[in-house]
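Structure record follows, encoded as structure tokens.
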Amino acid sequence: MPDRPVSRSTHRRRRIVLAAVIALVLLLAWPVGLLIWANGRIQHVEALSGAAATPGVTYLLAGSDSRADGAIEDTTTTGQRTDTIMLLTAPANGTPSLVSLPRDTYVDIPGVGPGKLNAAFAYGGAPLLVQTVEQLTGITVDHYVEVGMGGVVSIVDGVGGVELCWDSDVDDVDSGMVWTAGCHEVNGTDALAFARMRKSDPTGDIGRGQRQQQVIQAVMGKLKGPSLLEPGRQLNLVRVATDNLVTDPDTGILALGRMALTFRNATGPGGFRGAPPIADSDYRPGDLGSTVLLDEAAAPVFWQQVLDGTLPTQTEQEEQAG
């Protein structure tokens with residue numbers, strides 16, 4: 001019995017089915033390929049201490065102020081320091097938090113002795129900074145992420161700039177921040193100056209920490225919407241991030257994605273962002289100059305609240321203030 005001829009409509013249906021199958025395969029393969037590609041681009045540094053885990057997941061974010069990447073012009077400052085030190089925690093339950101640790105916090109640096117927190121990085125790089133933070137807070141760091149000054153510029157420019165707000169006029173020579181009180185759309189260079197400025201702020205490192213957190217919040221606010229589904233934009237954002245971040249070997253692109261989600265939650269109305277309790281912002285022990293002394297009684301309670309997820313949310317703070 002001869003084969004029945006295949007109709008034109010059947011051919012058309014088969015082509016549609018084949019096109020749908022190919023589209024589905026590409027749709028499924030794209031994120032897998034992107035993940036593999038991104039993981040291969042991440043730079044790593046040994047950083048974690050191997051200390052016993054504490055509840056939740058905690059990220060230590062260090063903003064390196066090395067001049068080597070050329071983000072700022074400075075021929076007098078050499079070496080690498082930490083201009084930004086933040087602890088981002090996603091507790092098992094409760095309030096996620098983003099806590100800025102003043103770089104001049106008075107600490108006991110393991111193997112070194114009394115000093116300023118950012119000196120730990122100068123003495124022993126990422127590993128000693130992690131150990132010092134863990135000793136100070138009683139919280140184990142699960143992931144270490146470092147970004148240089150050039151990274152801030154690239155990341156802000158990569159999301160198309162951000163809107164930042166500050167309620168004072170500023171003309172600060174050291175950071176390059178020139179600001180008229182209010183809110184302004186800024187590019188990466190101006191966002192970096194905004195995050196670095198300290199000497200023209202009467203609150204010093206406390207105000208700088210607030211501005212740094214605001215930059216992060218503004219960047220997180222741009223990482224949403226339909227445009228993020230565009231392959232070209234995904235590639236660009238991954239390229240910018242992996243070009244400018246250094247992490248511990250166990251922190252890959254998925255962990256960075258979870259970190260971004262925790263950042264968004266911590267800086268939103270259901271999160272906490274701020275600084276630990278401070279007893280003296282101009283504590284002068286020995287020959288260290290001016291340091292920031294944390295409150296000996298209140299700080300341990302604060303760190304336990306970070307772990308327990310019992311810090312007040314932004315909404316709760318606003319309700320209490322109102």
Compare every heavy atom of [Y] with every heavy atom of [X], then report the nearest pair and how far apart it is.
X      : Y      : value
Asp248 : Ala47  : CB-CB, 4.4 Å
Val99  : Gln213 : C-NE2, 4.1 Å
Gly138 : Thr54  : O-CG2, 3.7 Å
Ile109 : Ala120 : CD1-N, 3.8 Å
Glu316 : Thr313 : OE1-N, 2.9 Å
Pro102 : Ile278 : CG-CD1, 4.4 Å

Donor-acceptor list for residues 293-307 side chains, cut-off 3.5 Å, not counting sequence neighbours:
| residue | atom | partner | partner atom | Å |
| --- | --- | --- | --- | --- |
| Asp295 | OD1 | Ala297 | N | 3.0 |
| Asp295 | OD1 | Ala298 | N | 2.9 |
| Gln304 | NE2 | Asp308 | OD1 | 3.0 |
| Gln304 | NE2 | Asp308 | OD2 | 3.4 |

query = Are Asp142 and Arg258 ion-paired here, with the side-chain N under 4.0 Å from a carboxylate O?
reply = no

ask   = Between Lys199 and Asp201, is there a side-chain N and carboxylate O pair less than 4.0 Å apart?
value =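 Here Lys199 does not pair with Asp201 in a salt bridge, since their nearest N and O are not under 4.0 Å apart.
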
task = Report yes or no: do Val219 and Leu256 belong to one cluster of Ile/Leu/Val/Met/Phe/Trp/Tyr joined by side chain heavy-atom distances under 4.5 Å?
result = yes

note = The single option from Asp250, Thr247, Val133, Leu48 that satisfies side-chain contact (heavy atoms from CB on, under 4.5 Å) with Tyr144 is Leu48

remark   = disulfide bond (SG atoms under 2.5 Å apart) pairs touching residues 112-210, sequence neighbours excluded, are Cys165-Cys183

